[in-house]
Structure formats: structure tokens, C-alpha cells
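Have a look at the structure below, then the notes.
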Amino acid sequence: MTPRATEGPTPAPARRSMWRWAARVLGVVALVFVALLLVAFWYANTRSFAERVRREVVDVLETSTGGRAELASFSWHPLKLEAELDGLTIHGLEAADEVPYAHIDKLVVQAKIIALFRAQVGLRLLQAEHPVVHLIFYPDGTTNQPTPKKKTESSRPVTDELFDLAVNQTQLDNGVLLVNQRALPFDLSAKDLSLKVTYQPHPERCLATLQLEDLTAQRGKASAVHSRLQMNVELARNAMQLDGL
């Protein structure tokens with residue numbers, strides 16, 4: 001009876017051939033990945049991408065604020081994670097011939113962390129040139145503040161998070177706060193700003209929590225004021241409640 005032959009180790013040429021095949025596969029995968037990165041980087045610098053982002057920004061602003069948003073132009077530098085928005089305007093419930101609810105001549109942001117699946121944004125820098133906020137209090141107790149379009153699928157009281165913002169350095173240059181056409185000019189800079197805004201439909205209101213460290217504020221030619229700020233506010237259609245300051 002002939003004894004059964006036992007299986008020995010894989011021959012060296014076969015092992016070398018297996019490693020060559022694996023190296024080739026990994027090399028092809030790496031080349032495809034690099035090619036995709038190059039294509040993505042190229043597309044991120046095209047006008048079509050900038051226009052697409054501009055439309056998306058307008059849509060997000062209109063949904064979160066409830067007003068009609070306009071954005072003249074959008075540009076960004078992917079390697080710096082820096083974006084520039086020019087001519088940003090949000091129209092509220094004011095008349096067409098009145099100053100809009102909010103306007104910024106130029107807004108520069110430098111991103112740090114962006115959570116794609118949450119309404120959370122982390123920035124290194126937020127710089128606004130000539131921001132104007134216009135609040136009108138009408139005789140019937142209403143204001144020109146628009147109502148967010150964010151809806152819930154249930155009639156139960158549910159609080160929806162509109163956005164959660166954290167900024168290392170914030171700077172507002174040549175700002176103006178208009179309250180019933182009375183202008184209050186200001187300049188503001190702050191470190192470690194955090195702002196969380198949520199929307200509650202029943203009863204309808206916005207809940208805002210603002211915290212600023214190392215705040216420097218200046219109104220007109222007055223001396224600059226250095227302070228810290230922590231504030232909790234509830235905003236309704238015809239009322240504002242300060243829960244903590």
C-alpha cells in the first residue's frame with residue numbers, strides 16, 4: 001500500500017507571487033484614492049462648486065431663520081479651510097423699502113471641525129465686516145423677526161437644535177444695531193465664543209445660549225470695555241425673556 005503524501009509548506013516562488021499580487025492591488029487602490037483626492041480638490045476650486053455651496057448656504061439660512069436670504073458670492077480656500085461670503089442679507093418681515101433684518105458686507109470663516117451629520121460647527125476664526133442687525137417693534141407688539149421654517153413630524157413639544165457653534169476668535173468690525181431706526185454702532189471681538197440655538201414649536205420660540213470669554217466691546221468713540229458674557233434668552237414672536245445673564 002502506497003503511503004499518502006503530506007502537504008508541505010507553500011513553495012517560496014508561490015509566496016513571492018502572492019505578495020507581488022497583494023502589492024499590486026494595494027498600489028492600484030492607492031493610485032485610485034490619490035486620483036479621487038485630486039479630482040475632488042480640482043472640483044472644490046471650480047465656479048460650479050462655489051455656486052452650489054452658495055445655493056446651499058442660502059437654503060440653510062432660509063430654513064433656519066425663516067427669512068429670505070441673499071448671498072452675492074461665495075469663495076473658499078480648501079487647504080486653509082477658509083471661506084469668504086460677500087453680500088449676505090436676510091430679509092425679515094419688514095417692508096421692502098426698509099433696512100433688512102440682517103446684513104453683512106463680508107464674512108470670513110476659518111473652519112476647525114465640521115460635524116457633517118450634526119448641526120455643529122467649529123471655527124478658528126469668524127470675522128464680519130459691517131454687520132447690520134435691524135429690529136423693529138410694531139405698535140401691536142409684533143416684530144420683523146422671521147419664524148424658522150424647521151418643522152417637526154409630530155404635534156408634541158419637541159425642541160430642535162438649529163445649530164451649535166464654537167469659535168476660537170470672533171471679530172465684528174464697524175457693526176450697527178438698528179432698533180426702530182435708532183442706530184447703535186459697535187465693534188466687538190471675543191475669544192472662545194459658543195452659541196447654541198434651538199427651536200421649540202409648541203409654544204413657538206427660540207432658545208439661545210451664548211457664552212463669550214475675553215470679550216472686548218466698543219461703541220463709537222467710547223473706551224473699549226473688557227468682560228466675560230454668559231446669557232440665556234428665549235425669543236418668541238412678540239416677547240423676549242432673559243433667563244440668565
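The model shown is predicted, which means the values in this text are computed figures rather than measured ones. In this chain, residues are counted from 1 in sequence order. When reading the values below, keep in mind they use all heavy atoms of this one structure, side chains included, and skip hydrogens, waters and symmetry mates.
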Legend entry - Closest non-hydrogen atom pair, T216 against A224: CG2-CB, 4.0 Å

For [X], all residues meeting salt bridge (Lys or Arg N to Asp or Glu O under 4.0 Å), sequence neighbours excluded:
X    : answer
E56  : none
E129 : none
R228 : E213

For [X], all residues meeting side-chain hydrogen bond (donor to acceptor under 3.5 Å, both in side chains), sequence neighbours excluded:
X    : answer
D214 : none
N232 : T209
H103 : T89, D105
R124 : none

side-chain contact (heavy atoms from CB on, under 4.5 Å) against [X], all qualifying residues, sequence neighbours excluded:
X    : result
V53  : F49, V57, F74
A208 : V197
A128 : I104, L107, P131, L172
L184 : L177, R182, R219

Legend entry - Distance (rounded to the nearest 0.5 Å) between R54 CZ and L85 CG: 10.5 Å

Check whether any side-chain heavy atom of [X] lies under 4.5 Å from a side-chain heavy atom of [Y], and answer yes or no.
X    : Y    : answer
L245 : V233 : no
L125 : V167 : no
L178 : V132 : yes

Inset, instruction - Taking D173 for its side chain and H130 for its backbone only, find out whether a donor-acceptor pair lies under 3.5 Å. - result: no

Can you give me every donor-acceptor pair (side chain of residues 91-100, partner residue at least two apart or in another chain, under 3.5 Å) with its distance?
| residue | atom | partner | partner atom | Å |
| --- | --- | --- | --- | --- |
| H91 | NE2 | E70 | OE2 | 3.3 |
| E94 | OE1 | G92 | N | 3.3 |
| E94 | OE1 | N144 | ND2 | 3.0 |
| E94 | OE2 | G92 | N | 2.8 |
| E94 | OE2 | Y101 | N | 3.2 |
| E98 | OE1 | A95 | N | 2.8 |

Legend entry - Modelled atom types, side-chain donor and acceptor of E84 and H77, under 3.5 Å: no

